[in-house]
Engineer: 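First the structure, which I've put down as structure tokens, then a few questions once you've had a look.
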Amino acid sequence: MARKEELKSQILELVKEYYAEVHAPSKVFEAGKTFVNYGGRYYNEEEMLNLVDSSLDFWLTAGPWARKFETRFAEWLGVKYCSLTNSGSSANLLAFMALTSPALGERRICRGDEVITVACGFPTTVAPIIQFGAVPVFVDVTLPEYNIDITQLEQAYSAKTKAVMIAHTLGNPFDLEAVKAFCDAHGLWLIEDNCDALGSLYFIEGEWKKTGTVGHIGSSSFYPPHHMTMGEGGAVYTNDPQLHKIVNSFRDWGRDCWCVGGVDNTCHYRFSKQFGELPVGYDHKYVYSHFGYNLKVTDMQAAIGCAQLEKLDDIVEIRRKNWALLRAGLEGIEDLILPEPQVNSKPSWFGFLITVKEGAGFTRNQLSGYLESKKIQTRNLFAGNLVKHPAFDEMRRTGRGYRIVGELTCTDLIMNNTLWIGVYPGMQPEMLHYMIETIKNFVSGHKQ
């Protein structure tokens, strides 16, 4: 064994010991004392071993681990192409910006064009639309699915509509069959924000498909509370080779060249072609076809992702099991609206949604405050109604920059009355039963 391999082996053995001493999770749960997180990192020694292994190689930018992850993740999803990026928000940005490329001709999204979406969700599903200068068209959602109201799609459509960009809320797929049919009928792009739904399945066109793979482009986030993590990180995926090339261009400074880092002249015309008004033979590595960004991931992050990917099937199943336990345990509480999976779907749940009914005798904030006092972490459904936030102050005053279909009635109800609790794999069964009993105790204490 070479000296460097011997040293690496010693280092990695010490990493195993360090994980066992410092990071191995405690099995002791004390009701009312142990904090019940809504989510968190779910990992073991393998992630730390990969991280240290990659750090010893000192390939600081995207490299071999990143390419390994992109290949394996694409295979897991069942798509042809995957592009790693530095966050789920960047993944949404790249997914949208790819559709603005001049390479798409008349199908490209231009400033002033409209994109159908929802206001009930996370802001970075909508932010790229506004930042580019396109117009989000907001439609309502339905309860108890918390996803887009498909009956409003035709009303939302106009001659300026170019795309639909929406998320699968907390792992529950939206009605992909109806949305895809609408997009196909009108020649629209479909972007699936899959950041909260990794591993969710939907039955369409005679087979079960993973969410994020039915539309033209899908996106994922690898932020710590999500289904898998790299700390920070995200991915964009597609079956369309042209869109894949455009995504990579926007991610990698806007360059026209597709050579991976450290490799030159893959195209075999590095110094022989003419681009734009550049001189003939200008180095293709420094030709830019888009106004892009640098949104790449590091190889160390990708190394963590490779270990996480090995656990992903188990993670999805544990989340489903935890959600089902909560759903059964809370069944029959009249003052609460409990979530329901979308028809023809098998969700990979990110959380468990609870909506307090109007006239329940208590509010969402009272329920969440009580749970928090009992060491149970809660979250609202992200923005609630994004249009109500300070970011929209100027647009609300001018009445320009967005369009609303109808009254967003359910969206406002969710903004005021909805919270969610966690189902992540790090939860012990005792934690789930504790959450059930705590919610029941609160509700029974507020019976009129």
Engineer: Ignoring hydrogens and geometry, is there a side-chain-to-backbone donor-acceptor pair from Gln274 to Gly276 under 3.5 Å?
Structural biologist: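 At least one qualifying donor-acceptor pair exists.
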Engineer: With distance as the sole test, does His227 use its side chain to make a donor-acceptor pair with the main-chain N or O of Ser348 at under 3.5 Å?
Structural biologist: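 Confirmed, His227 side chain pairs with Ser348 backbone.
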Engineer: Of all residues at least two apart in sequence or in a different chain, which pass the side-chain contact (heavy atoms from CB on, under 4.5 Å) check with Gln10?
Structural biologist: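 Residues passing side-chain contact (heavy atoms from CB on, under 4.5 Å) with Gln10: Glu6, Leu7.
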Engineer: Verify the ring-centre separation between Tyr146 and Phe174: is it less than 6.0 angstrom?
Structural biologist: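 Centroid separation for Phe174 and Tyr146: 6.0 Å or greater.
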Engineer: Tell me which pairs pass salt bridge (Lys or Arg N to Asp or Glu O under 4.0 Å) where either residue lies in residues 43-56, with sequence neighbours left out.
Structural biologist: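 For residues 43-56: Lys8-Asp53, Glu47-Lys311.
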Engineer: Consider only side-chain N and O atoms of Thr125 and Asp193, and report whether a donor and an acceptor are under 3.5 Å apart.
Structural biologist: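 On atom types as modelled, these side chains qualify, holding a pair under 3.5 Å.
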Engineer: For the residue pair Ser87 and Ser90, what are the closest heavy atoms and their distance?
Structural biologist: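 Closest pair (atom of Ser87, atom of Ser90, distance): OG-N, 2.9 Å.
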Engineer: Does CD belonging to Glu207 count more than 12 external heavy atoms closer than 6.0 Å?
Structural biologist: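 Enclosed: over 12 neighbouring heavy atoms sit under 6.0 Å from CD of Glu207.
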Engineer: Where do Leu93 and Tyr293 land on the side-chain contact (heavy atoms from CB on, under 4.5 Å) test, with the steps shown first?
Structural biologist: CA-CA 10 Å; Leu93 175 63; Tyr293 317 91; 4.0 Å; yes
Engineer: Side chain to side chain donor-acceptor pair (under 3.5 Å) between Asp175 and Tyr202: does it pass, once the steps are laid out?
Structural biologist: CA-CA 9 Å; Asp175 189 338; Tyr202 188 90; 3.1 Å; yes
Engineer: Would you name the heavy atoms of Thr411 and Cys120 that are closest together and state the gap between them?
Structural biologist: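 Result for this residue pair: CG2-CB, 3.9 Å.
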Engineer: Sequence neighbours excluded, which residues qualify as side-chain contact (heavy atoms from CB on, under 4.5 Å) partners of Val22?
Structural biologist: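 Counting only residues at least two positions away or on another chain, Val22 forms a side-chain contact (heavy atoms from CB on, under 4.5 Å) with Tyr18.
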Engineer: Looking at Ser249 and Lys245, would you say the former's side chain and the latter's main chain have a donor-acceptor pair under 3.5 Å?
Structural biologist: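 No; judged by distance alone, with no hydrogens or angles, the pair does not exist.
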Engineer: Whether the His23 and Tyr43 side chains hold a donor-acceptor pair (N or O, under 3.5 Å, no angle test) is what I'd like checked.
Structural biologist: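 Yes, Tyr43 and His23 have a side-chain donor paired with an acceptor closer than 3.5 Å.
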Engineer: Checking the side chain of Ser220 only, and the main-chain atoms of Gly234 only, is there a donor and an acceptor separated by less than 3.5 Å?
Structural biologist: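 Side chain of Ser220 to backbone of Gly234: no pair is present.
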Engineer: How long is the straight-line distance from CD1 of Ile439 back to CE of Met435, given to the nearest 0.5 Å?
Structural biologist: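 CD1 of Ile439 is found 7.0 Å from CE of Met435.
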Engineer: When rounded to the nearest 0.5 angstrom, what is the spacing between CG in Leu170 and CZ in Phe382?
Structural biologist: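 Leu170 CG to Phe382 CZ: 5.0 Å, rounded to 0.5 Å.
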Engineer: Taking all non-hydrogen atoms of both residues, which atom of Ala134 and which atom of Ile109 are closest, and how far apart?
Structural biologist: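 Looks like CB-CG2, 4.3 Å.
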Engineer: Would you find a donor on one side and an acceptor on the other, under 3.5 Å apart, between the side chain of Ser219 and the backbone of Ala91?
Structural biologist: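 The answer is no, because no donor-acceptor pair under 3.5 Å joins these two groups.
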Engineer: Tell me if a side-chain donor or acceptor on Ser368 pairs with a main-chain N or O of Arg364 at a distance below 3.5 Å.
Structural biologist: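 Pair found, side chain donor or acceptor close to backbone of Arg364.
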Engineer: Determine whether more than 12 heavy atoms belonging to other residues, nucleotides or ligands lie under 6.0 Å from atom CZ of Arg41.
Structural biologist: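 Check fails, neighbour count at 12 or below.
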Engineer: Only counting residues at least two apart or in another chain, list the ones meeting salt bridge (charged side-chain N to carboxylate O under 4.0 Å, His left out) with Arg251.
Structural biologist: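 Once residues adjacent in sequence are excluded, the partners of Arg251 under the salt bridge (charged side-chain N to carboxylate O under 4.0 Å, His left out) criterion are Glu70.
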Engineer: Ignoring hydrogens, what is the shortest heavy-atom contact between Gly187 and Arg107? Give both atom names and the distance.
Structural biologist: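 That would be O-NH2, 3.4 Å.
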Engineer: Looking only at heavy atoms, which two atoms of Leu381 and Ile414 are closest? And how far apart?
Structural biologist: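 Leu381 and Ile414 have their closest heavy atoms at CD2-CG2, 3.7 Å.
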Engineer: Filter on salt bridge (Lys or Arg N to Asp or Glu O under 4.0 Å), then keep only pairs touching residues 369-378, sequence neighbours left out; what's left?
Structural biologist: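 Salt bridge (Lys or Arg N to Asp or Glu O under 4.0 Å) check on residues 369-378 returns no pairs.
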Engineer: With no hydrogens and no angle check, is any side-chain donor or acceptor of Asn172 less than 3.5 Å from a backbone partner on Gln342?
Structural biologist: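 Side chain of Asn172 to backbone of Gln342: a pair is present.
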Engineer: About how many Å separate CD1 of Ile304 and CD of Glu232, when rounded to the nearest 0.5 Å?
Structural biologist: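 Going from the CD atom of Glu232 to the CD1 atom of Ile304 covers 11.0 Å.
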Engineer: What is the ring orientation for His226 with Tyr223, classed by angle as parallel under 30°, tilted 30 to 60°, or perpendicular over 60°?
Structural biologist: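 Perpendicular.
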Engineer: Can you spot which of Phe96, Tyr81, Tyr237, Trp189 makes a ring-ring contact (aromatic ring centres under 6.0 Å, His included) with His216?
Structural biologist: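 Exactly one option meets the ring-ring contact (aromatic ring centres under 6.0 Å, His included) with His216, and it is Trp189.
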Engineer: Step by step, would you call Asn248 with Ser83 a side chain to side chain donor-acceptor pair (under 3.5 Å)?
Structural biologist: CA-CA 7 Å; Asn248 284 351; Ser83 303; 2.6 Å; yes
Engineer: Strictly under 6.0 Å, is that where the ring centroids of Phe275 and His284 end up?
Structural biologist: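 Yes, close enough.
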Engineer: Please check if the side chain of Lys210 supplies one atom and the backbone of Trp76 the other of a donor-acceptor pair under 3.5 Å.
Structural biologist: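 Checked: pair present.
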Engineer: Could you tell me whether a side-chain N or O of Asp113 sits under 3.5 Å from a main-chain N or O of Thr161, the two making a donor and an acceptor?
Structural biologist: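 No: the side chain of Asp113 does not pair with the backbone of Thr161.
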Engineer: Ring pair (Phe, Tyr, Trp, His ring centres under 6.0 Å) between Tyr38 and Tyr424: does it pass, once the steps are laid out?
Structural biologist: CA-CA 7 Å; Tyr38 81 92; Tyr424 88 106; 8.2 Å; no
Engineer: Measuring from Ile315:CD1 to Arg320:CZ, what's the distance to the nearest 0.5 Å?
Structural biologist: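 These two atoms lie 12.5 Å from each other.
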Engineer: Scan residues 289-303 for pairs that pass salt bridge (Lys or Arg N to Asp or Glu O under 4.0 Å), counting only residues two or more places apart or in two chains.
Structural biologist: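 For residues 289-303, and leaving out neighbouring residues, there are no salt bridge (Lys or Arg N to Asp or Glu O under 4.0 Å) pairs at all.
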Engineer: Against the six-membered ring of Tyr269, is Lys273 placed for a cation-pi contact (under 6.0 Å from the centre, within 45° of the normal)?
Structural biologist: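 Cation-pi check for Lys273 and Tyr269: passes.
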Engineer: Can you confirm whether Phe29 is buried at CZ, in the sense that more than 12 heavy atoms of other residues, nucleotides or ligands lie under 6.0 Å from that atom?
Structural biologist: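 More than 12 heavy atoms, drawn from other residues, nucleotides or ligands, come within 6.0 Å of this atom.
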Engineer: Would you list the pairs meeting salt bridge (Lys or Arg N to Asp or Glu O under 4.0 Å) in which at least one residue belongs to residues 120-149, sequence neighbours left out?
Structural biologist: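 Residue pairs passing salt bridge (Lys or Arg N to Asp or Glu O under 4.0 Å), neighbours aside: none found.
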Engineer: Write down the atom of His290, the atom of Pro102, and the distance for their closest heavy-atom approach.
Structural biologist: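 It is CD2-CD, 4.1 Å.
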Engineer: Can you tell me how far apart NE2 (His433) and CD (Glu437) are? Round to the nearest 0.5 Å.
Structural biologist: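 His433 atom NE2 to Glu437 atom CD measures 9.0 Å (nearest 0.5 Å).
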Engineer: Taking side-chain contact (heavy atoms from CB on, under 4.5 Å) as the test, write out the residues that go with Lys68, two or more places apart.
Structural biologist: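 Testing Lys68 for side-chain contact (heavy atoms from CB on, under 4.5 Å), a comparison that skips the adjacent residues, returns Trp65, Arg72, Cys306.
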Engineer: From Asn92 CG over to Thr124 OG1, what is the distance, rounded to the nearest 0.5 angstrom?
Structural biologist: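 If I round to the nearest 0.5 Å, the distance is 5.0 Å.
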Engineer: If you draw a 6.0 Å radius around CZ in Phe58, do more than 12 non-hydrogen atoms from other residues or ligands fall strictly inside?
Structural biologist: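 Counting neighbours around CZ of Phe58, 12 or fewer heavy atoms of other residues, nucleotides or ligands fall under 6.0 Å, so no.
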Engineer: Using ring-ring contact (aromatic ring centres under 6.0 Å, His included) as the criterion, list what pairs up with Trp208, not counting sequence neighbours.
Structural biologist: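 For Trp208, the residues satisfying ring-ring contact (aromatic ring centres under 6.0 Å, His included) (neighbours in sequence not counted) are Phe203.
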Engineer: Not counting sequence neighbours, which residues clear salt bridge (charged side-chain N to carboxylate O under 4.0 Å, His left out) with Glu340? List them please.
Structural biologist: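 Glu340 satisfies salt bridge (charged side-chain N to carboxylate O under 4.0 Å, His left out) with Arg327 once adjacent residues are dropped.
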Engineer: Return the set of residues passing ring-ring contact (aromatic ring centres under 6.0 Å, His included) with Tyr286 (not counting sequence neighbours), or none when no residue passes.
Structural biologist: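 Per chain and number, Tyr286 pairs via ring-ring contact (aromatic ring centres under 6.0 Å, His included) with no residue.
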Engineer: Side chain of Thr85, backbone of Ala235: donor and acceptor closer than 3.5 Å?
Structural biologist: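 Judged by distance alone, no pair lies under 3.5 Å.
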Engineer: In this structure, is the centre-to-centre distance between the rings of His186 and Phe182 below 6.0 Å?
Structural biologist: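 Yes, they do, as the ring centres are separated by less than 6.0 Å.
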Engineer: Between Phe132 and Arg111, is there a cation-pi geometry (under 6.0 Å to ring centre, at most 45° from the normal)?
Structural biologist: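 Cation-pi check for Arg111 and Phe132: passes.
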Engineer: Taking ring-ring contact (aromatic ring centres under 6.0 Å, His included) as the definition, give me every residue that meets it alongside Phe352, ordered by chain and number, with sequence neighbours left out.
Structural biologist: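 ring-ring contact (aromatic ring centres under 6.0 Å, His included) list for Phe352, sorted by chain: Trp323.
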